[in-house]
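Here is the structure we will look at, set down as C-alpha cells.
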Amino acid sequence: MRSRIGIGFDAHAFTEGRPLVLGGVTIEHPLGLAGHSDADVLSHAVADSLLGAAGLEDIGHYFPDTDPAYRDISSLRILERVRELITAAGCRIGNVDAVLVLEAPRIAPHRHRMRAAVAAALAMPEADVSLRATTTEMMGFAGRGEGIAAMAVSLLESDS
Ligand code: MG
C-alpha cells in the first residue's frame with residue numbers, strides 16, 4: 001500500500017445577490033461568492049487536493065466553468081464525482097484537512113454541519129474530515145473582506 005498526499009487551494013470574491021455556501025452549507029451573510037457553480041470555495045479546495053493526491057487533472061479540467069451543466073450546481077456534487085474519479089484511479093481516502101481563510105462570517109457555529117456535509121459527499125467518516133478557519137489579521141484580500149480563500153490537504157491510500 002502506498003500513501004499519496006495532495007494539496008488544494010481556491011479563492012472566490014464576494015458578490016451581492018448570491019447565497020454564501022461553504023462546505024455545502026448555506027450560511028446567513030449579506031454577501032455570497034462569485035463563481036460559475038455555487039462557488040463553494042471550501043469544497044473546491046478539497047476536491048483539488050483529492051485530485052492532486054490521485055495524480056489526476058485539476059478541478060477545472062473535469063468541471064469547466066464554460067460548461068452550462070455546472071452552472072450553479074452544488075459543489076457537493078463535484079465532491080461526489082471526484083470521489084468516483086479517485087476510486088476509479090485505485091485510491092481510497094485516508095483523511096482530509098482544510099482551512100478557511102476569511103474575516104467574516106464566523107465559521108465556528110457551522111463547522112460541524114460543514115464537516116458532516118463534506119464527509120457525506122465523500123462517503124467517509126466525519127472524524128476523518130477536519131475543518132478550521134482563520135483570519136489574516138485584516139491583511140490581504142481576505143483580511144479586507146473582498147473574498148474567501150480555502151486550503152486543503154488530502155491523504156489517499158493506493159495499491160500501486
Ligand atoms: Mg473555485
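Hydrogens, waters and symmetry mates play no part in the numbers below; they use all other heavy atoms, side chains included.
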Spatial distance of atom NE2 (H61) from atom CG (L85) [nearest 0.5 Å]: 9.0 Å

Test item: V96 and L50 side chains (from C-beta on) under 4.5 Å apart, heavy atoms: yes

Exam field: side chain R115 to backbone E126, donor-acceptor pair closer than 3.5 Å: yes

Value rounded to 0.5 Å, distance of CD in E103 from CE in M138: 5.5 Å

Nearest-0.5 Å distance, CG of residue L76 to OG of residue S37: 10.5 Å

Side chain to side chain contact (heavy atoms under 4.5 Å, CB included) between L155 and S3, intermediate numbers included: CA-CA 7 Å; L155 179 74; S3 297; 4.0 Å; yes

Validation row: F63, V82 side chains within 4.5 angstrom (heavy atoms): yes

Side chain to side chain contact (heavy atoms under 4.5 Å, CB included) assessment of I73 paired with I78: CA-CA 8 Å; I73 66 159; I78 290 179; 3.8 Å; yes

Sub-4.5 Å side-chain heavy-atom contact between Y62 and L56: yes

Pair S43, S75: side-chain N/O donor-acceptor within cut-off below 3.5 Å: no

Worked check of side chain to side chain contact (heavy atoms under 4.5 Å, CB included) between M114 and L42: CA-CA 9 Å; M114 291 180 194; L42 174 62; 4.2 Å; yes

Full working for side chain to side chain contact (heavy atoms under 4.5 Å, CB included) between V41 and L22: CA-CA 7 Å; V41 66; L22 296 171; 3.6 Å; yes

CE (M1) with more than 12 external heavy atoms under 6.0 Å: yes

Ring geometry between H29 and F14 (parallel below 30°, tilted from 30 to 60°, perpendicular above 60°): tilted

CD on E57 to CG on L51, rounded to 0.5 Å: 9.0 Å

Non-hydrogen atoms of M151 and V101 that approach each other most closely: CE-CG2, 3.8 Å

Whether D40 side chain and G24 backbone form a donor-acceptor pair below 3.5 Å: yes

N/O donor-acceptor pair under 3.5 Å between R83 side chain and M124 backbone: no

Expected output: side-chain R4 to main-chain L156 donor-acceptor under 3.5 Å: no

Closest non-hydrogen atom pair, D38 against R18: CA-NH2, 4.0 Å

Audit row: H36, T66, side-chain hydrogen bond (donor to acceptor under 3.5 Å, both in side chains) steps and yes/no: CA-CA 8 Å; H36 182 68; T66 50; over 6 Å; no

Smallest separation among heavy atoms of P19 and T26, with atom names: CB-CG2, 4.1 Å

Minimum side-chain heavy-atom gap P64-Y70 below 4.5 Å: yes

R132 atom CZ, neighbour heavy-atom count above 12 within 6.0 Å: yes

Neighbour count above 12 (heavy atom, 6.0 Å) for R71 CZ: no

Side-chain touch L100/L131, heavy atoms, less than 4.5 angstrom: yes

Which atom of E16 lies closest to which atom of L31, heavy atoms considered: CG-CD2, 3.5 Å

Value rounded to 0.5 Å, distance of NE2 in H44 from CG in L33: 9.5 Å

Non-hydrogen side-chain atoms of P105 and L20 separated by less than 4.5 Å: yes

Side-chain heavy-atom pair I148, H12 within 4.5 angstrom cut-off: no

Heavy-atom pair of closest approach, residues A133 and L102: CB-CD2, 4.1 Å

Nearest atoms (heavy-atom pairs only) where G8 meets S49: N-CB, 3.5 Å

Pairwise side-chain contact, V21 with I27, heavy-atom cut-off 4.5 Å (strictly under): no

Inter-residue atom distance S154.OG - I93.CD1, 0.5 Å rounding: 7.0 Å

